[in-house]
Each structure stands twice: as structure tokens, then as C-alpha cells.
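Taking it in order: structure first as C-alpha cells, then the write-up.
Counting starts at 1 for both ligands and their atoms, following the listed order.
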Amino acid sequence: MDYDVAVIGAGAAGIAAARKLAAAGRSVVILEASDRVGGRAWTIELSGMPLDMGCGWLHSAERNPLVALGRDTGFTIESGPTAWQSQWRDLGFAPQQQAAAAAAWMALEARLRANPPQSDRASDALEPGGEWNAYCQSLSGYLNGAPLERLSVADFLAYDSAATDSNWRVHEGYGSLIGAAVPDVALRLSTPVRRVALTGKGVRLSTDRGAVTAGAAIVTVSTAVLAGGKIAFDADVDDHLHAAGQLPLGLADKLFMELAGNHGLERETHLLGDPRSDETGSYYIRPLGRPVVEGFFGGKGAVVLESKGLLEAFAFALDQLSSLLGNDIRRHLRPLAASSWCRTDWVGGSYSHALPGHAGARATLARPVGERLFFAGEATHQSDFSTAHGAWESGLRAAGQAIQSAA
Ligand SMILES: Cc1cc2nc3c(=O)[nH]c(=O)nc-3n(C[C@H](O)[C@H](O)[C@H](O)COP(=O)(O)OP(=O)(O)OC[C@H]3O[C@@H](n4cnc5c(N)ncnc54)[C@H](O)[C@@H]3O)c2cc1C
């Protein structure tokens with residue numbers, strides 16, 4: 001046997017699992033398909049700025065284990081409030097409209113809680129013809145990466161009930177924090193696992209660079225990778241693969257623009273491009289005081305963006321911003337970078353949501369197979385799915401199961 005445990009995937013879940021296993025004295029190998037660690041936690045550096053292409057916010061910060069890890073390892077955690085809910089100078093979104101839109105979202109949430117539709121389909125709780133339905137859809141896009149038609153009410157409420165309102169940031173980038181947490185174990189990059197087989201005593205993993213044997217394996221790949229059949233299993237994992245299909249990855253994408261010259265924009269402010277469109281971008285202006293605008297697109301907006309391609313996506317964002325700020329803003333903005341998570345190999349989307357009627361799929365996906373095959377990853381968390389800390393906690397859970405099984 002080459003190792004006690006093989007971890008498939010070096011995202012937040014895989015890194016957390018490997019840390020716990022190594023701390024318990026197990027020999028570990030991490031097999032990662034891409035040429036970097038972090039997965040959907042990915043900080044790039046451009047113009048001297050760390051930019052998070054994936055996760056950026058330490059959600060539920062008071063109980064988020066990555067806050068303490070970041071502090072302990074020398075990262076700078078910013079605990080200030082977010083500008084999301086504000087509209088700079090009320091541009092294109094009068095205060096009464098902002099109040100009415102927020103009230104519509106709160107009323108929708110209240111209906112989901114008090115009187116959930118039989119269908120478990122969140123869109124069935126929308127007010128027919130409601131003035132702010134498109135606004136609610138855009139929020140669902142940011143939160144879930146998917147429109148309300150595709151969203152299980154029970155699943156959404158499991159997240160919403162557990163989450164707190166504290167959303168913090170890390171100056172050096174969330175991806176940098178998670179990437180720096182890789183423990184001192186064997187790490188093989190550019191090594192996609194193609195087949196997982198149970199053997200008499202453990203598991204045998206076929207990769208593009210030969211076979212690896214281990215006592216157990218922890219699978220942390222995204223539901224898109226699992227449901228897409230990218231890994232063949234010689235084990236009874238039909239229920240898991242079926243569950244992965246019921247927990248598809250929604251889509252959210254970021255688009256960064258650099259600010260130059262005398263633009264007059266204030267730090268830590270925000271603009272929603274068009275509060276009446278379900279495809280609108282949400283623009284965070286000068287986050288942490290940096291000369292950048294961070295555009296965020298979710299659900300339908302992100303799908304449209306990825307289908308348009310980068311040039312048109314930037315043009316769309318510029319049109320939205322100049323309609324609020326005036327044409328002069330175009331002189332001060334230039335494209336920096338954009339994500340394209342649907343097209344990112346070995347990930348295939350942004351974060352998971354349960355389809356209506358399928359909130360239970362998370363528990364199915366998290367179930368061990370025998371005493372040798374364990375599943376982790378954000379989609380397996382019962383309440384903090386779709387987040388980096390949820391992925392992290394799922395990795396710790398799976399590592400604990402592997403340690404116990406081998407005891
Ligand atoms: C645009 C965007 C914004 C987000 N914002 C936030 C946020 O603000 N806060 C937050 O908490 N979360 C956020 N998230 C979600 C968060 O990034 C993810 O939930 C989390 O990083 C997922 O971690 P994971 O380990 O489950 O999966 P991944 O990060 O997908 O890790 C799985 C790894 O497995 C590898 N892999 C796949 N197939 C194979 C194979 N066959 N063999 C070997 N390796 C393989 C992949 O390359 C990948 O590295 C955001 C995500 C996106 C895309």
C-alpha cells in the first residue's frame with residue numbers, strides 16, 4: 001500500500017482533510033487534476049492586487065474556522081461591514097425603491113419559511129406579477145448561482161437558517177489563505193484520477209501518471225465532475241452519482257476592472273447595475289480601498305456573461321456602469337480579469353444548490369461507501385454548502401470518518 005489515505009482534489013475540502021489526516025499521523029497523498037492547489041479558492045495577482053476569482057468572503061465569520069487559521073498563519077483579516085446592501089448615491093435606485101425591493105425579498109423568505117410550496121420549488125412562492133420578482137431572481141443568482149425555479153426551498157432554508165450576517169475578508173486573498181494551508185504531505189499536481197477501484201484491502205486509483213494504492217480514499221471533486229462521469233468507480237456509488245446530479249453547480253462569475261485617474265468613486269461602495277433585471281451585475285467599488293471595481297454576476301446573469309465571451313461581458317459591465325455614472329467613467333475603467341467557472345476544467349461551475357425535492361441528496365452524497373471510500377466537498381455539507389468553510393468542514397468530517405474506520 002503506497003499511502004494510508006489518498007485525497008482526490010486539492011480544494012478547500014481536500015486540503016482540510018489532508019491536514020487532519022497528517023496531524024493524526026497518517027501517510028497521505030493529494031492527487032490534483034489541475035496544475036495548482038485551491039480549486040474554487042483561487043487568488044491571482046494583477047497590477048499588484050490580489051484578486052479572488054472564486055471565494056472572497058469569509059461567510060458566517062464568527063464561526064468560520066478559516067478566520068482563526070488565517071490569523072494564526074499571518075493573514076490579515078478585515079472584519080468590517082460589506083457595502084452590498086447600499087446603492088452609492090442612490091444612483092438608478094431611489095431610496096423608496098430600495099426599501100420596496102428589500103421588503104419583497106424579505107416577504108419571499110417569510111413565505112418560504114411560513115408557507116413553503118408543496119412543490120419545494122422556490123419560484124412557486126413568488127408573488128404573481130410581483131414588481132420586484134426580477135430583483136429577487138438576481139439575488140437568488142448571487143446566493144445560489146441559480147434562478148428560483150431550480151431551487152429547493154428546504155435546501156435554501158437549511159443554509160439561510162444556519163448562516164450569520166458576518167462576512168469578512170482577507171487582504172491577501174481567500175484563495176491565498178487556503179492554498180497556504182496545504183500540509184507537508186505528498187502532493188501530485190496535474191494528476192487527474194480517472195478510476196477508483198476497491199481492492200481487497202483498500203483502494204486503487206488510476207491516474208494519468210500511473211496507479212496509486214491506499215488504505216482509503218476521500219473524494220472531494222465537485223458535483224459537476226462526479227455527475228459528468230469524469231471518474232469511473234468500480235464500487236457501488238450509483239446513489240452518490242445520482243445525488244450529485246440532484247445537486248448541480250449553479251453559476252457565479254467575477255469580472256474585475258481597474259480604475260485609473262480622477263474618477264471620483266468612493267472606497268467600499270456598491271452599485272447594482274439594474275435593480276429591475278434578473279441578469280444584472282453587482283459592482284463592488286474599490287474593495288479594501290483598491291483601484292478596482294469587482295463585478296459579480298450570478299445565475300442567469302452569469303450564464304449570459306459566459307455565453308457572450310469576455311469582450312462582450314466587459315462591454316456589458318461598462319454599459320451598466322456608464323448608465324449610472326455617466327459616459328466619462330469609461331475613460332477610467334479598463335478590463336483586468338474575469339472568471340469563467342463553467343468552462344474551468346475539473347470544476348465545471350460555481351457552487352451547488354439542490355433541485356426542488358432533493359434537499360436530501362446532500363446526506364446521500366456524504367455517506368461513506370464501506371470503510372474505504374469517503375466523500376467530501378462543499379456539496380456534502382448539510383447547511384454550509386456553497387462555501388469555502390463548508391467545504392473545509394466537510395474535509396475534516398471525512399478525514400475523521402477515515403481515521404475512525406481504520407482504527
Ligand atoms: C465566483 C465564486 C465566488 C464564490 N464566493 C464565495 C465566497 O465569497 N465565500 C465562500 O465561502 N465561498 C464562495 N464560493 C464557493 C467556494 O469557492 C467553494 O464552495 C469551495 O471553494 C469549494 O471547495 P471544494 O474543495 O468543495 O471543491 P473545489 O474547490 O472544486 O476542489 C476540488 C478539486 O478537485 C480537483 N479535481 C476535480 N476532478 C479531479 C480528478 N478527477 N482528479 C484529481 N483532482 C480532481 C479540482 O481541480 C479541484 O481543485 C465561491 C465560488 C465561486 C466560483
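When only modelled atom types and interatomic distance are considered, S322 and R330 share a side-chain donor-acceptor pair under 3.5 Å. Defined by atom type and a distance below 3.5 Å, a donor-acceptor pair is present between the side-chain atoms of S119 and D124. Side-chain polar atoms of T43 and E45 form no donor-acceptor pair below 3.5 angstrom. Using modelled atom types and a 3.5 Å distance limit, the side chains of S222 and R40 yield no donor-acceptor pair.
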(request) Might you work through the ring-ring contact (aromatic ring centres under 6.0 Å, His included) test for Y142 and F296, ending with a clear yes or no? (result) CA-CA 8 Å; Y142 305 135; F296 191 57; 5.8 Å; yes
(request) Carefully, step by step, assess R169 and D52 under the rule salt bridge (charged side-chain N to carboxylate O under 4.0 Å, His left out). (result) CA-CA 10 Å; R169 277 168 290 179; D52 273 314; over 6 Å; no
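Both the backbone and the side chain of W57 come within contact range of ligand 1, each with a heavy atom under 4.0 Å. If you look at T387 next to ligand 1, the close heavy atoms, those under 4.0 Å, come from the backbone and the side chain alike. With a 4.0 Å heavy-atom cut-off, ligand 1 is reached by the side chain of H59 but not by its N, CA, C or O. Contacts between S386 and ligand 1 below 4.0 angstrom, taking non-hydrogen atoms only, involve the backbone exclusively. Under 4.0 angstrom from ligand 1, the non-hydrogen atoms of V193 come from both its backbone and its side chain. Heavy atoms from both the backbone and the side chain of W346 come within less than 4.0 Å of ligand 1. Contacts of M53 with ligand 1, taken as heavy-atom pairs under 4.0 Å, involve the backbone alone.
The shortest N or O to N or O distance between G56 and ligand 1 is under 3.5 Å. Between I231 and ligand 1, no N or O atom pair is found at a separation short of 3.5 Å. Looking at K254 next to ligand 1, no N or O pair under 3.5 Å apart turns up. Any N or O atom pair closer than 3.5 Å counts here, and A388 shares at least one such pair with ligand 1. At under 3.5 Å, not a single nitrogen or oxygen of D345, backbone or side chain, sits near a nitrogen or oxygen of ligand 1. Between A252 and ligand 1, no pair of N/O atoms sits closer than 3.5 Å. Residue-to-ligand polar distances keep S222 apart from ligand 1: every N/O pair is separated by 3.5 Å or more. At a 3.5 angstrom cut-off on N or O pairs, E32 counts as close to ligand 1. Between A13 and ligand 1, at least one pair of N/O atoms sits closer than 3.5 Å.
S339 does not count as a contact of ligand 1, since none of its heavy atoms falls under 4.0 Å from the ligand. By the 4.0 Å heavy-atom criterion, G390 is excluded from the residues contacting ligand 1.
Among protein heavy atoms, the minimum distance from atom 13 (C) of ligand 1 is reached at C55 CB, 3.2 Å. Residue, atom and distance of the protein heavy atom nearest to atom 39 (C) of ligand 1 are V221 CG1, 3.5 Å. At the shortest separation from atom 31 (O) of ligand 1 among protein heavy atoms lies G11 CA, 3.4 Å. Shortest contact from atom 27 (O) of ligand 1 to any protein heavy atom: R40 NH2, 3.0 Å. Scanning the protein for heavy atoms near atom 51 (C) of ligand 1, the closest one is Y351 CD2, 3.5 Å. Among all non-hydrogen protein atoms, the one lying nearest atom 23 (O) of ligand 1 is A391 CB, 3.4 Å.
The environment of NE2 in H263 is crowded: more than 12 heavy-atom neighbours from other residues, nucleotides or ligands sit within 6.0 Å.
L259 places a side-chain heavy atom less than 4.5 Å from the side chain of R286. Contact of the F316 side chain with the E312 side chain is not registered, since no non-hydrogen atoms from C-beta on lie closer than 4.5 Å. Side-chain contact check for L271 versus Q87: some heavy-atom pair is nearer than 4.5 Å. Within the 4.5 Å cutoff, the side chain of W57 has no heavy atoms near those of the T387 side chain.
Interface of E378 with ligand 1, defined as ligand atoms under 4.0 Å from a residue heavy atom, comprises 19 (O), 22 (C), 26 (O). Near T220, meaning under 4.0 Å from any of its heavy atoms, are these atoms of ligand 1: 32 (C). Close approach of ligand 1 to A33 is summarised as follows: ligand atoms under 4.0 Å from at least one heavy atom of the residue are 39 (C), 40 (C), 42 (N), 43 (C), 44 (N), 45 (C). The ligand atoms of ligand 1 that sit less than 4.0 angstrom from a heavy atom of G38 are 29 (O). For ligand 1 and P192, the ligand atoms under 4.0 Å from any heavy atom of the residue are 42 (N). Listed by number with element, the atoms of ligand 1 under 4.0 Å from a non-hydrogen atom of G39 are 29 (O), 48 (C), 49 (O). Interface atoms of ligand 1 facing W341, defined by a heavy-atom separation under 4.0 Å, are 1 (C), 53 (C). Of all atoms in ligand 1, listed by their number and element, those nearer than 4.0 Å to a heavy atom of G9 are 33 (C), 34 (O), 35 (C), 44 (N).
Between K300 and E149 there is no salt bridge, since no side-chain N of the basic residue sits under 4.0 Å from a carboxylate O of the acidic one.
Figure legend: cation-pi geometry between R276 and W132, with NZ or CZ positioned under 6.0 Å from the six-membered ring centre and within 45° of its axis.
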Pairs under 3.5 angstrom only: tabulate donor-acceptor contacts from the side chains of residues 20-27 to other protein residues two or more places apart or in another chain.
| unit_1 | atom_1 | unit_2 | atom_2 | d |
| --- | --- | --- | --- | --- |
| R26 | NH1 | A24 | O | 3.0 |
| S27 | OG | D4 | N | 2.8 |
| S27 | OG | D4 | OD2 | 3.4 |

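The two residues P356 and R121 make their nearest non-hydrogen contact at CG-NH1, 3.7 Å. Closest of all the heavy-atom pairs between L288 and R267 is C-NH2, 3.5 Å.
Aromatic ring centres of Y159 and F385: separated by under 6.0 Å.
A side chain to side chain contact (heavy atoms under 4.5 Å, CB included) with H353 is found for one member of L247, L249, L151 and no other, namely L151.
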